[in-house]
Structures are given as structure tokens and as C-alpha cells.
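First comes the structure, then the notes that go with it.
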Amino acid sequence: MTTPSDQPIGTAAIYSILTGRFFSSAISNMLMVILSIRILELTDSAFLVGVNVALRMGGSAFGALVAARLTRTVGLPRTLLGADVAAALILIVVAVLPAATEVYGLLLAGLVLGITFGVSNITMISVGPELVGRDQKHLWNGRIQAAQALAVVCSGLVTGLLYASGAADSHMSLAAAGFVLAGLLTSGGAPMLPDSGPSPAQNTGRLGFFRALSAGLPIVFALLVLARMGEALGSGVHNVGFPLLSAEYDTVNQALLAGWLLAAWGVGKTISGLALPPILRRFSSNGAVAMVFMGANILTFVFFMAIFQADALLFFITLALLAGLFDAATEISYYSCLQIKDRTLRDRLLSVSYMVERLALFTGILAAGYVLDRMPLASASALIYGVTIMLVAVAWVVFVFALRNPSARSASGDFNEI
């Protein structure tokens with residue numbers, strides 16, 4: 001009989017989880033590009049590319065909603081294994097669909113892959129303090145970022161070659177086998193966790209989703225989520241725009257530049273994932289970590305904007321690396337702010353935040369697909385990224401005032417606790 005553990009896991013288990021996460025993320029990143037390019041080939045529609053990626057983001061929001069309940073119901077190992085196995089199954093289904101329904105299958109795959117990624121991603125972040133200890137949470141976030149960033153690098157380097165190497169159904173079958181392997185590695189290192197009581201979703205019944213979104217949060221947390229929402233809205237541009245930019249850059253291998261951009265972005269994220277956690281551990285409060293989040297958020301979009309204004313491979317690669325560097329800094333610092341001591345409140349914060357983020361990304365991707373069908377890439381990216389930077393800057397200013405006002409902070413003790 002398995003006994004839930006309340007002790008930090010060992011090094012071997014950590015590396016098993018991280019290795020599984022690496023494979024799962026690498027496959028997921030390759031599929032994001034391959035599915036988008038395949039839809040573009042079949043339909044010549046930037047809007048449908050946007051719909052596919054948007055379905056993935058909407059699925060991630062749903063995955064975040066059910067992640068805490070799944071973990072408490074079936075346990076951490078089965079949750080992580082089930083997410084990757086479900087991803088494998090949908091790919092097998094798509095691989096055997098007749099050609100006439102391929103586009104519909106690709107869109108369905110985007111939705112299901114989003115759900116499974118949302119479940120595994122939010123679960124890994126939420127249980128981090130229990131897995132490694134609260135004093136190591138920055139390091140855990142950095143390791144997760146580094147594993148996923150290395151996956152971006154590797155997948156980016158091979159995506160173009162893989163896409164040119166065979167038929168779409170063979171890609172799906174190979175990816176399905178990889179997901180099963182990833183699930184076994186991740187779940188094999190994951191322990192059963194002690195129950196911390198019912199999750200907010202369990203307490204709220206059928207209206208759990210709406211009550212979770214409307215539940216009162218301290219204003220400092222709400223402003224962090226608002227800034228994260230702004231980031232997600234703006235991110236629609238590169239989620240849709242990278243495949244389009246890649247198709248324009250090389251008409252023979254249309255996935256090549258997208259792969260290189262993802263690889264360079266991943267290198268930047270890897271560097272940040274390794275270098276930033278020791279710096280964050282020196283900070284005495286979440287307020288200081290939140291300043292890193294806000295600043296890195298804005299700089300990320302400055303460099304993403306510059307990518308779509310560039311016209312040479314060296315500039316593309318350099319700017320993507322810098323965007324990845326600050327993008328990872330944004331992720332690590334943001335989730336560190338939300339990983340407060342109380343696990344039930346932490347689950348609620350992370351679930352609400354991830355749902356808002358994914359739904360905002362869903363909206364941003366659809367909007368980007370619509371705009372990019374009507375405006376040049378350079379002009380559309382400058383417009384949308386500029387609005388995003390302004391929104392984050394406004395949230396930052398209000399956040400600073402709220403942080404200085406005890407009456408506005410509400411649960412200031414929870415927020416400022418590292």
C-alpha cells in the first residue's frame with residue numbers, strides 16, 4: 001500500500017520527473033508547429049491556424065480548472081501519467097482519420113493537447129513546495145523552466161527536419177509513443193502527497209468555475225493576474241505569427257525558421273531558468289520578486305516586437321534568445337509569487353490565474369489570427385505588442401501603490417511570505 005509522503009523527494013525522483021517533463025514538452029512544442037503548418041498547408045488560412053492554437057489555450061484553461069481535483073482524487077502519479085497517455089491517444093485517433101476529416105482532427109488534437117498540458121503543467125507548479133520543500137521553490141520553478149526550455153531548444157532544432165521527413169500520420173504515431181514514455185518517467189518519480197483538504201472546486205459544486213473567478217482575492221494578487229492576462233493577450237501574436245513568419249522566410253521548408261526561433265527562445269529560457277533562482281532566493285519578500293515579474297514581462301514583449309521587424313537570420317536568433325531570457329524570468333518570478341504557504345489558497349490562486357491566462361491567450365490568438373489576415377506581420381505585431389506593454393505598465397504602477405497601502409493589500413502576510 002502506498003503511503004502519502006510529506007517529505008521532500010530525493011534527487012533520483014526529481015530527475016525522473018524533470019526528464020519526463022522534458023520529453024513531454026519537446027513533443028508538445030514540435031506538435032504546435034507541425035499542426036499549425038499542416039493546417040496552413042491544407043487550408044491556407046491564418047485564421048484557422050489561430051483557431052487551432054486558441055483551442056489549445058482554451059483546453060489548457062480547462063485543464064487548470066480540474067488539475068487540483070484530479071490530483072486529490074486519483075493521486076499525483078496517476079494524474080501525471082493520465083495526462084500524457086490521453087495526449088498519446090488523441091494523436092493515434094488523428095493518425096487513423098480519413099483525409100477528408102484531417103482538419104477537424106487536427107483542431108480536436110489541439111484542444112485535447114491543451115487540456116492535458118494544462119493538467120500536468122499547473123500540477124507540477126502547484127505541488128513544487130511539497131516535492132522539494134518551501135525553501136527550494138525558486139529552484140524547483142527554475143528547474144521546470146530549464147527542462148521545458150531545453151525541450152524547446154531540442155524540438156526547435158529538429159522540427160523542420162522532422163516535418164520534411166515523412167507523412168503526418170507517422171509524426172502522430174511517433175509523438176504518441178513519446179508521450180507514453182514521458183508519462184511513465186514523470187509518474188514514476190512522483191510520490192503520493194498528503195491530502196490538504198478539499199479543493200475550492202470540490203467545495204463550490206457545479207458553479208465552481210464561476211465562483212472561482214469571482215472569489216475575492218487580495219488586490220495585489222489580482223493585479224499580478226491582470227498583468228499576466230495582458231501578457232497572455234499579447235502572446236497571441238507570436239503563437240500565430242511565428243509559423244506565418246517562417247512560411248514567408250522559406251517557402252520550401254516552411255517550418256524551418258519557426259524551429260530556429262523556438263530553439264533560440266529555448267536557449268534564453270534555459271539560461272534564465274538556471275541563473276535566476278539563486279538571485280530570487282536573496283529577496284526578502286514577494287514584493288521584490290513581483291518587481292522582477294513586471295519588468296521582465298515588459299522586456300519580453302519589447303524583444304518579441306523586434307523579431308517581427310528584423311530581416312536577417314542573425315537578428316531573428318539573437319532577439320528570440322533575449323525574448324526567451326526574459327520570458328523565463330517572467331514565468332519563474334510570477335509563479336514564485338503565487339506559491340504561498342497555504343496549499344488550498346495556493347491551488348486556488350494558481351488555478352484562477354492559469355484559467356485567466358489561458359482564456360486571455362485564447363482570445364489573443366483569435367484576435368491575432370483575425371488581424372494578421374488583414375495587416376502585415378510587422379504592423380500587426382507592433383500594434384498588439386504596444387498595447388500589451390501599456391497594459392502591463394499600468395498594472396505595474398497600480399500594483400506599486402497597492403503594495404504600499406496596507407488597507408489595499410488585504411492578505412499582506414500571505415503575499416509577502418517567501
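Predicted, not measured: the structure shown is a model, and the values here were computed from it.
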Short side-chain to backbone donor-acceptor contact, S16 and A12, under 3.5 Å: no
Exam field: side chain S24 to backbone G20, donor-acceptor pair closer than 3.5 Å: no
side-chain contact (heavy atoms from CB on, under 4.5 Å) assessment of V119 paired with T79: CA-CA 8 Å; V119 168; T79 297; 3.6 Å; yes
Min side-chain heavy-atom separation F293-E331 under 4.5 Å: no
Nearest-0.5 Å distance, CD1 of residue I144 to CZ of residue R21: 7.0 Å
Verdict with reasoning, I307 to L245, per side-chain contact (heavy atoms from CB on, under 4.5 Å): CA-CA 10 Å; I307 290 173; L245 185 64; 4.2 Å; yes
CD1-CG distance between I17 and L185, expressed to the nearest 0.5 angstrom: 10.5 Å
Exam field: side chain S272 to backbone G268, donor-acceptor pair closer than 3.5 Å: no
Closest contact, heavy atoms only, T388 versus G230: CG2-O, 3.1 Å
Spacing of CD belonging to E41 relative to CD1 belonging to I34, to within rounding of 0.5 Å: 11.0 Å
Parallel, tilted or perpendicular: rings of W265 and F304 (30°, 60°): tilted
Side-chain touch T186/L81, heavy atoms, less than 4.5 angstrom: no
Closest approach of A87 to I90 (non-hydrogen atoms, all atoms of both residues): O-CG2, 3.1 Å
Worked check of side-chain contact (heavy atoms from CB on, under 4.5 Å) between V180 and D84: CA-CA 6 Å; V180 173; D84 281 327; over 6 Å; no
Test of ring centre spacing under 6.0 Å for F308 and F242: yes
Taking every non-hydrogen atom, the tightest pair across A86 and T116: CB-CG2, 3.7 Å
Heavy-atom pair of closest approach, residues I122 and A67: CG2-CB, 3.0 Å
S25 side chain vs F22 backbone, donor-acceptor pair below 3.5 Å: no
Side chains of T330 and M294 in contact at under 4.5 Å (non-hydrogen atoms): no
Inter-residue atom distance H238.NE2 - L261.CG, 0.5 Å rounding: 11.0 Å
Trace of the side-chain contact (heavy atoms from CB on, under 4.5 Å) decision for V394 with F399: CA-CA 9 Å; V394 170; F399 177 85; over 6 Å; no
Which atom of L233 lies closest to which atom of A360, heavy atoms considered: CD2-O, 3.3 Å
Partner set under side chain to side chain donor-acceptor pair (under 3.5 Å) for S353, not counting sequence neighbours: Y334
Flag, side chain of S60 to backbone of G114, donor-acceptor distance under 3.5 Å: yes
CG on L359 to CE on M229, rounded to 0.5 Å: 11.0 Å
From I115 atom CD1 to L111 atom CG, the distance as rounded to the nearest 0.5 Å: 4.5 Å
Contact check, side chains of V225 and E357, non-hydrogen atoms, under 4.5 Å: no
Flag side-chain contact, heavy atom, 4.5 Å: S235 against F301: yes
Any donor-acceptor N/O pair, T101 side chain to L97 backbone, under 3.5 Å: no
All side chain to side chain contact (heavy atoms under 4.5 Å, CB included) counterparts of L106, not counting sequence neighbours: L35, R38, I39, L42, V94, E102, M172
Y335 vs R228 side-chain heavy atoms within contact, under 4.5 Å: yes
Sidechain-backbone polar pair: N121 side chain, F117 backbone, donor-acceptor under 3.5 Å: no
4.5 Å side-chain heavy-atom contact, F303 and F326: yes
For L91 against A176, the heavy-atom pair lying closest together: CD1-N, 3.8 Å
Candidate pair T300 and D327, rule side chain to side chain donor-acceptor pair (under 3.5 Å), full reasoning: CA-CA 5 Å; T300 298; D327 194 14; 4.7 Å; no
